[in-house]
Enquirer: 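First the structure, then my questions, so here it is.
What's counted below: heavy atoms across the whole structure, side chains too, no hydrogens, waters or symmetry copies. Here the structure is a predicted model, which is why all the values come from computation and not from measurement.
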Amino acid sequence: LAQAPLFETSPALPRSSTMFLTVAAVLAQTTPSDWSRAQRLALADLGDRQTTGIQVAPQWHAKVHGLQGSGGYVSGYAGDLYYDSVNQRSKQSQVTPIKLFSDHDELQTETLTVNTSGLNVNITLGKGTDTVCKAIQEPYNDMFLWTKYAQPNGTLVVAGEACEVWALSVKTANLSTCVRSDGVPLLFNQSLAGYLKQTSMQFYNHTVGPAPESAFAPSDACAHHYPTTPCASEGKATLDVYRIHSAAEPRELHGRNVGDSLGDMAFVCAQGAEESYGNSLVSYWQVDVDAAFGQYGYCLYIGGKNKCYGGTGKQVGRESAMGLDGGEKLGQCSNNTRVGSWYSIPAEGECTDGQEIGANCSWGNARRVRTVNATCILHDRGLLEMCEKEIGHAPFAKSAEIFAKALSSNDPTQGGCPDVGENHLDLMSVLI
């Protein structure tokens with residue numbers, strides 16, 4: 001799996017070397033919570049700037065047509081937004097078509113954010129009765145707080161309605177909104193210096209005023225089924241997993257997301273992969289785990305360390321790539337043979353001091369087998385060319401085979417890529 005998005009500067013991973021997730025992964029794991037972190041960075045860049053802008057209407061809800069993307073690729077989605085600055089809360093739901101694996105996949109998400117203590121960000125993935133909740137604690141961010149620092153920038157007519165444009169430009173972001181005379185936004189645009197480069201929304205069918213209290217109720221998955229219970233134990237298993245990362249990243253699995261060879265095709269076969277990973281490394285790991293998998297967590301660098309959020313305690317988490325294989329609980333307890341699997345490795349689940357895997361710990365004996373340059377896999381071994389042939393027709397079996405062989409040996413006649421070696425990794429860490 002690709003290196004997690006970073007919204008704080010890591011001493012080991014300068015922001016200039018941060019990996020950008022490709023669009024497939026963005027759509028799978030990006031929520032309003034993600035870009036709210038980026039907005040907080042933008043507000044931090046304001047310094048002593050005066051509040052000469054506007055404040056949008058405090059309570060309203062509307063339908064949304066949105067676009068989001070990275071690497072020159074943009075995908076659309078539809079949904080709803082409930083905004084309540086009076087009670088400091090919001091809820092956004094969206095349905096996004098995913099064309100990477102087939103013509104009929106779609107990703108459904110709902111994000112409820114409340115300014116309260118505890119797990120105040122509830123992200124629900126999936127549809128119908130097969131939904132999973134990812135609960136996270138993070139500072140509250142009002143998505144329109146920045147408008148009080150904005151400057152007027154002309155007028156527009158959106159779907160027959162006049163509105164005034166307000167814009168803010170800082171080092172880390174460009175933001176704009178077009179607001180009706182009653183303070184209700186008709187448009188929202190955000191361009192970031194980060195992995196989710198572009199977010200645009202058009203709001204329509206507005207209802208001004210407070211929404212029913214039921215609109216801000218947590219989903220059933222978050223209210224009653226978080227976290228999910230671990231799968232039935234199948235004993236100990238040894239996983240072959242992979243991670244795309246910068247040379248500066250510490251060589252460990254604590255608090256990291258990884259994927260099997262098929263699962264990582266959601267990243268390397270997505271449009272924009274060459275831009276995102278051309279200067280990266282790929283590491284092949286083997287790790288022993290308790291096969292009673294929990295739900296997949298998002299492992300992020302926040303507060304000076306890597307930590308997995310939204311998983312099942314100490315359990316190694318599993319999910320089908322983008323939650324799209326159709327397995328129960330988004331692939332937590334299934335083999336995910338169509339799109340592959342993603343795993344989360346919580347630091348607190350490591351077995352130490354002779355602990356038996358499964359006895360109050362979930363993983364151990366992690367060993368990095370090989371590390372190679374991504375360019376060798378993508379270009380020299382022809383992975384990008386094979387991806388083009390398999391996109392839309394999962395499983396990407398031939399692409400995954402090229403990927404795995406490139407990391408299995410140094411022998412080019414067997415499809416292998418040269419191991420960069422420890423000395424190279426240490427040198428690159430100094431140079432970045």
Side-chain angles (χ1 to χ4, degrees), residues 1-2 4 28-29 118-119 121-126 130-138 219-243 252-260 262-264 266 285-302 305-337 339-367:
L1 204 67
Q29 303 198 65
L119 300 174
V121 180
N122 288 184
I123 305 164
T124 305
L125 302 175
D130 188 25
T131 56
V132 171
C133 173
K134 317 281 189 177
I136 299 173
Q137 182 179 10
E138 66 177 22
S219 67
D220 181 68
C222 289
H224 303 295
H225 304 289
Y226 174 80
T228 60
T229 56
C231 308
S233 179
E234 297 180 1
K236 188 173 73 172
T238 298
L239 300 181
D240 294 306
V241 294
Y242 305 86
R243 182 169 172 80
E252 59 183 47
L253 289 188
H254 302 77
R256 302 290 196 272
N257 291 122
V258 294
D260 62 21
L262 194 59
D264 264 16
W285 291 79
Q286 291 184 328
V287 58
D288 298 332
V289 303
D290 178 4
F293 296 109
Q295 70 177 51
Y296 177 79
Y298 299 145
C299 301
L300 307 173
Y301 184 90
I302 297 177
K305 62 181 180 180
N306 274 77
K307 183 175 175 60
C308 298
Y309 297 85
T312 304
K314 296 181 179 181
Q315 297 304 118
V316 172
R318 179 170 66 177
E319 185 172 285
S320 60
M322 293 191 274
L324 292 179
D325 209 349
E328 184 181 358
K329 295 188 284 190
L330 306 187
Q332 176 184 329
C333 301
S334 52
N335 291 326
N336 307 321
T337 55
V339 300
S341 294
W342 292 348
Y343 300 92
S344 52
I345 313 291
E348 59 271 27
E350 184 181 17
C351 301
T352 59
D353 300 325
Q355 282 181 290
E356 182 69 23
I357 290 176
N360 200 35
C361 61
S362 63
W363 66 276
N365 192 28
R367 53 270 187 203

Enquirer: Within a reach of under 6.0 Å around CD of Glu234, are more than 12 heavy atoms found that belong to other residues, nucleotides or ligands?
Expert: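 Open: at most 12 neighbouring heavy atoms sit under 6.0 Å from CD of Glu234.
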
Enquirer: Can Tyr309 and Gln137 be said to form a side chain to side chain contact (heavy atoms under 4.5 Å, CB included), step by step?
Expert: CA-CA 8 Å; Tyr309 297 85; Gln137 182 179 10; over 6 Å; no

Enquirer: Between Cys222 and Thr124, what is the shortest heavy-atom contact and its length?
Expert: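 Shortest heavy-atom separation between Cys222 and Thr124 comes out as SG-OG1, 3.5 Å.
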
Enquirer: Can you confirm whether Arg367 sits close enough to Asp288 that some side-chain heavy atom of one is under 4.5 Å from a side-chain heavy atom of the other?
Expert: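 In contact.
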
Enquirer: Ignoring hydrogens and geometry, is there a side-chain-to-backbone donor-acceptor pair from Thr312 to Gln295 under 3.5 Å?
Expert: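 Yes: the side chain of Thr312 pairs with the backbone of Gln295.
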
Enquirer: I need the minimum non-hydrogen distance between Trp342 and Gly263, along with the two atoms involved.
Expert: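 Reported closest heavy-atom pair: NE1-O, 3.0 Å.
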
Enquirer: Assess the residue pair Glu350 and Gln355 against the criterion (side chain to side chain contact (heavy atoms under 4.5 Å, CB included)); give the C-alpha distance rounded to whole Å, side-chain angles, the decisive distance to 0.1 Å, and a yes or no.
Expert: CA-CA 9 Å; Glu350 184 181 17; Gln355 282 181 290; over 6 Å; no

Enquirer: Determine the interplanar angle of the Tyr343 and Phe293 rings, folded into 0 to 90°, and report it as parallel if under 30°, tilted if 30 to 60°, perpendicular if over 60°.
Expert: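 Because their plane-to-plane angle lies in the 30° to 60° range, the rings of Tyr343 and Phe293 count as tilted.
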
Enquirer: If you measure from NE2 on His254 to CG on Asn306, what distance do you get to the nearest 0.5 Å?
Expert: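 Rounded to the nearest 0.5 Å, the NE2-CG separation comes to 11.0 Å.
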
Enquirer: Taking all heavy atoms of Lys329 and all of Asp130, pick out the closest pair and write down the distance.
Expert: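 Residues Lys329 and Asp130, closest heavy atoms: N-OD1, 2.7 Å.
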
Enquirer: Is the shortest heavy-atom distance from the side chain of Val132 to the side chain of Tyr296 under 4.5 Å?
Expert: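 No; the side chains remain at least 4.5 Å from each other.
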
Enquirer: Which atom names give the shortest non-hydrogen contact between Ser344 and Cys299, and what distance separates them?
Expert: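 Distance-wise, the nearest heavy atoms are CB-SG, 3.8 Å.
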
Enquirer: Any donor and acceptor pair, going by atom type alone, linking the side chain of Trp285 with main-chain N or O of Leu239 inside 3.5 Å?
Expert: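 The answer is no, because no donor-acceptor pair under 3.5 Å joins these two groups.
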
Enquirer: What is the minimum heavy-atom distance between Asn336 and Glu319, and which atoms define it?
Expert: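 Reported closest heavy-atom pair: ND2-C, 4.0 Å.
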
Enquirer: Can you list the steps and then say if Lys314 with Cys361 is a side chain to side chain contact (heavy atoms under 4.5 Å, CB included)?
Expert: CA-CA 6 Å; Lys314 296 181 179 181; Cys361 61; 5.8 Å; no

Enquirer: Looking at OH of Tyr226 and CD1 of Ile123, how far apart are the two atoms once the value is rounded to the nearest 0.5 Å?
Expert: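 Tyr226 OH to Ile123 CD1: 10.0 Å, rounded to 0.5 Å.
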
Enquirer: What closest approach, in Å, do Lys134 and Gly310 show between heavy atoms, and which atom pair accounts for it?
Expert: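 Heavy atoms only, the tightest pair is CD-O, 3.8 Å.
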
Enquirer: Could you walk me through whether Cys333 and Glu328 satisfy the side chain to side chain contact (heavy atoms under 4.5 Å, CB included) test, starting with their C-alpha distance in whole Å, then the side-chain angles of each, then the deciding distance to 0.1 Å, before giving a yes or no?
Expert: CA-CA 7 Å; Cys333 301; Glu328 184 181 358; 5.9 Å; no

Enquirer: Less than 4.5 Å apart, side chain to side chain, heavy atoms only: is that true for Ile345 and Cys308?
Expert: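 In short, these two side chains do not touch, never coming nearer than 4.5 Å.
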
Enquirer: Could you give the distance from CG (Leu330) to CG (Asp325), rounded to the nearest 0.5 Å?
Expert: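 Going from CG on Leu330 over to CG on Asp325, the span is 11.0 Å.
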
